[in-house]
Peer 1: 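Below is a structure I'd like to ask you about.
Note that ligands are numbered from 1 as they come in the structure, with each ligand's atoms numbered from 1 the same way.
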Amino acid sequence: MVKDYSIDTLVVHQPNDDKFNSSIAPLYQTTTFKQKSVSDLGQYDYTRSGNPTRSQLEFQLGKLIKSDYTYAVNSGMSCLDVITRLIKIGDEVIVGDDLYGGTHRLLTFLNNNKSIKLKHIDTTDTNLLLNSITSNTKFLFLESPTNPLIKVINLPKISKFIRKNFPQIKIIFDNTMMTPLLLSPLDYVDIQYESATKYLNGHHDIMAGVIATRNLQLSQDLFFIINATGCGLAPFDSWLLLRGLKTLSIRFAKQQSNTLIIANWLESIGFKVRYPGLKSHPQYELHKSFNKGFGAVLSFETQSIKKSEIIVENTKIFGVTVSFGCVNSLISMPCRMSHASIDEKTRKERNLPEDLIRLCVGIEDVNDLIDDLKSSLILSGIVQEIDGKLIKLNQSKL
Ligand SMILES: Cc1ncc(COP(=O)(O)O)c(C=O)c1O
Ligand SMILES: N[C@@H](CCSC[C@H](N)C(=O)O)C(=O)O
């Protein structure tokens with residue numbers, strides 16, 4: 001019987017069957033594989049169709065994700081591209097109203113081309129979501145917590161209702177924020193995907209994505225598209241991702257504990273902080289009920305776009321950078337950066353605050369991170385230090 005290791009062990013324990021017993025999985029940096037004969041392709045013939053280093057990665061990821069079929073592709077957006085090719089012309093697709101900007105961009109493009117009929121719903125309002133389903137609805141795309149408003153959806157309830165009443169609907173879940181460490185979405189959904197560019201790799205040196213399912217038919221359809229379009233992850237990137245994965249558990253634990261401390265600190269100064277690990281988060285209990293942790297992304301508001309710009313542009317440790325999940329801490333203004341592909345009118349309709357600052361917390365010393373933020377907040381004038389105490393100025397004084 002194979003021992004059921006904990007996920008902290010599984011990320012590091014990466015057995016391989018190299019004929020020289022190499023302790024690290026070998027890198028098959030090759031495009032083609034020699035065939036025994038013209039009719040015997042062997043296990044691998046061409047790297048677009050399959051490569052042993054990518055297979056090793058997919059095997060490893062499958063254990064973490066608890067999937068039966070797992071595919072590594074060349075970015076998170078490629079995952080979405082592959083999955084949306086399953087949609088048939090005219091199918092109704094329901095998506096959240098707070099989505100990663102690139103997800104919004106691709107789905108809107110397909111909607112504008114009339115390939116799909118898109119409905120945006122506030123997916124935190126479970127009744128609204130479930131009532132908006134019709135017999136034409138074929139796909140539901142969900143994220144939780146959402147990027148960047150950190151809204152949490154009731155995944156167990158939505159999944160139970162749909163599986164019982166609308167089994168024809170395929171639920172697709174973007175698990176980039178939680179990673180397989182904190183959530184196993186396949187217990188609730190048909191396909192999960194995530195941008196491995198973020199936490200899974202953790203070092204901002206590759207782009208990658210993972211698609212996983214437990215459904216054989218879906219897996220065959222997904223593999224067909226990946227091979228046909230040629231978006232499978234390249235061997236060297238697969239090898240680097242295997243390396244990055246080994247420290248996922250330890251990196252993410254530190255990132256989360258740093259984030260919770262920073263979230264509490266910002267809230268104690270008087271900022272409106274969005275982080276599911278804070279008791280003030282409207283879905284704190286819900287989030288805890290089906291996730292094993294809170295992640296390492298938070299956002300907060302300043303009520304002043306100008307002040308937000310000063311804060312973001314003056315930190316020294318936090319880099320002004322899109323993306324998240326890296327060992328280094330990052331700071332950004334989503335409306336100007338990661339979510340700029342959502343037009344201003346739509347951002348307004350969706351209550352996406354233009355002054356919103358997003359922090360993606362890394363593994364540095366948390367006191368250094370707090371000092372860095374403190375200096376920037378003081379420089380912006382939004383906070384004053386009086387007798388060693390930080391005082392946030394109220395909006396009218398800004
Ligand atoms: C939640 C989420 N999903 C998907 C993506 C797309 O991933 P990638 O940049 O690897 O294409 C991103 C960011 O880019 C994201 O934030
Ligand atoms: N210019 C890029 C922006 C990427 S945003 C990356 C990440 N998902 C984030 O939320 O920061 C684009 O147009 O896609």
Side-chain angles (χ1 to χ4, degrees), residues 57 61 71-84 95-109 123 141-153 155 172-180 182-183 185 189 191-212 226 229 231-234 237-238 240-241 244-245 252 255 274 276 291 295-299 312 318-326 328-343 346-347 350 352 356-362:
L57 171 68
L61 286 166
Y71 301 109
V73 295
N74 57 24
S75 71
M77 291 323 300
S78 277
C79 298
L80 190 66
D81 180 36
V82 167
I83 295 164
T84 51
V95 293
D97 65 349
D98 183 40
L99 288 171
Y100 162 55
T103 306
H104 168 87
R105 178 173 51 199
L106 180 55
L107 293 173
T108 304
F109 170 80
T123 45
F141 282 80
L142 301 171
E143 266 183 49
S144 183
T146 60
N147 174 13
L149 290 180
I150 322 290
K151 297 206 259 183
V152 175
I153 63 167
L155 186 59
I172 319 293
F173 189 83
D174 181 336
N175 198 36
T176 309
M177 284 278 211
M178 290 291 97
T179 83
L182 305 188
L183 178 63
V189 308
I191 302 176
Q192 95 173 60
Y193 72 96
E194 61 191 81
S195 166
T197 314
K198 313 289 186 326
Y199 296 106
L200 297 185
N201 181 54
H203 295 78
H204 276 185
D205 47 15
I206 59 159
M207 303 292 302
V210 187
I211 312 175
I226 292 166
T229 59
C231 63
L233 192 63
D237 289 348
S238 300
L240 280 175
L241 183 48
L245 271 182
F252 206 26
Q255 285 174 289
R274 298 166 194 261
N291 295 278
V297 177
L298 67 80
S299 53
V312 167
F318 283 88
V320 189
T321 312
V322 290
S323 200
F324 55 91
C326 187
N328 296 88
S329 291
L330 314 173
I331 189 165
S332 65
M333 286 180 72
C335 292
R336 302 286 174 83
M337 299 168 68
S338 52
H339 291 67
S341 55
I342 304 177
D343 63 81
T346 310
R347 294 200 300 263
R350 295 187 190 164
L352 192 53
L356 193 75
I357 296 180
R358 193 183 71 182
L359 298 183
C360 306
V361 182

Peer 1: Not counting sequence neighbours, which residues clear side-chain hydrogen bond (donor to acceptor under 3.5 Å, both in side chains) with T146? List them please.
Peer 2: D98
Peer 1: Between the protein and ligand 1, which nitrogen or oxygen pairs come in under 3.5 Å, and how far apart is each?
Peer 2:
{"residue": "ligand 1", "atom": "3 (N)", "partner": "D174", "partner atom": "OD2", "Å": "2.6"}
{"residue": "ligand 1", "atom": "7 (O)", "partner": "S195", "partner atom": "OG", "Å": "3.1"}
{"residue": "ligand 1", "atom": "10 (O)", "partner": "G76", "partner atom": "N", "Å": "2.8"}
{"residue": "ligand 1", "atom": "10 (O)", "partner": "S195", "partner atom": "OG", "Å": "2.7"}
{"residue": "ligand 1", "atom": "10 (O)", "partner": "T197", "partner atom": "OG1", "Å": "2.6"}
{"residue": "ligand 1", "atom": "11 (O)", "partner": "G76", "partner atom": "N", "Å": "3.1"}
{"residue": "ligand 1", "atom": "11 (O)", "partner": "M77", "partner atom": "N", "Å": "2.9"}
{"residue": "ligand 1", "atom": "14 (O)", "partner": "Y100", "partner atom": "OH", "Å": "3.4"}
{"residue": "ligand 1", "atom": "14 (O)", "partner": "K198", "partner atom": "NZ", "Å": "2.9"}
{"residue": "ligand 1", "atom": "16 (O)", "partner": "N147", "partner atom": "ND2", "Å": "2.9"}

Peer 1: Select all protein residues for which some heavy-atom-to-ligand 2 distance is less than 4.0 Å, and list them by chain and number.
Peer 2: Y100, R105, N147, K198, V322, S323, S338, R358
Peer 1: Indicate yes or no: at least one non-hydrogen side-chain atom of L245 is less than 4.5 angstrom from one of L57.
Peer 2: yes
Peer 1: If you measure from OG on S299 to CG on L352, what distance do you get to the nearest 0.5 Å?
Peer 2: 9.0 Å
Peer 1: Determine the minimum heavy-atom distance between D97 and R350, stating which atoms define it.
Peer 2: O-CD, 2.7 Å
Peer 1: Drop me the distance from L240's CG to N201's CG, to the nearest 0.5 angstrom.
Peer 2: 7.0 Å
Peer 1: Using atom types as modelled and distance alone, determine if a side-chain donor or acceptor of E143 lies under 3.5 Å from a backbone N or O of Y100.
Peer 2: yes
Peer 1: Quick one: are M177 and V297 in side-chain contact, heavy atoms under 4.5 Å?
Peer 2: yes
Peer 1: Any donor-acceptor pair under 3.5 Å linking the side chain of R347 with the backbone of I342?
Peer 2: yes
Peer 1: For F252, give me all partners under ring-ring contact (aromatic ring centres under 6.0 Å, His included), at least two apart in sequence or on another chain.
Peer 2: Y199
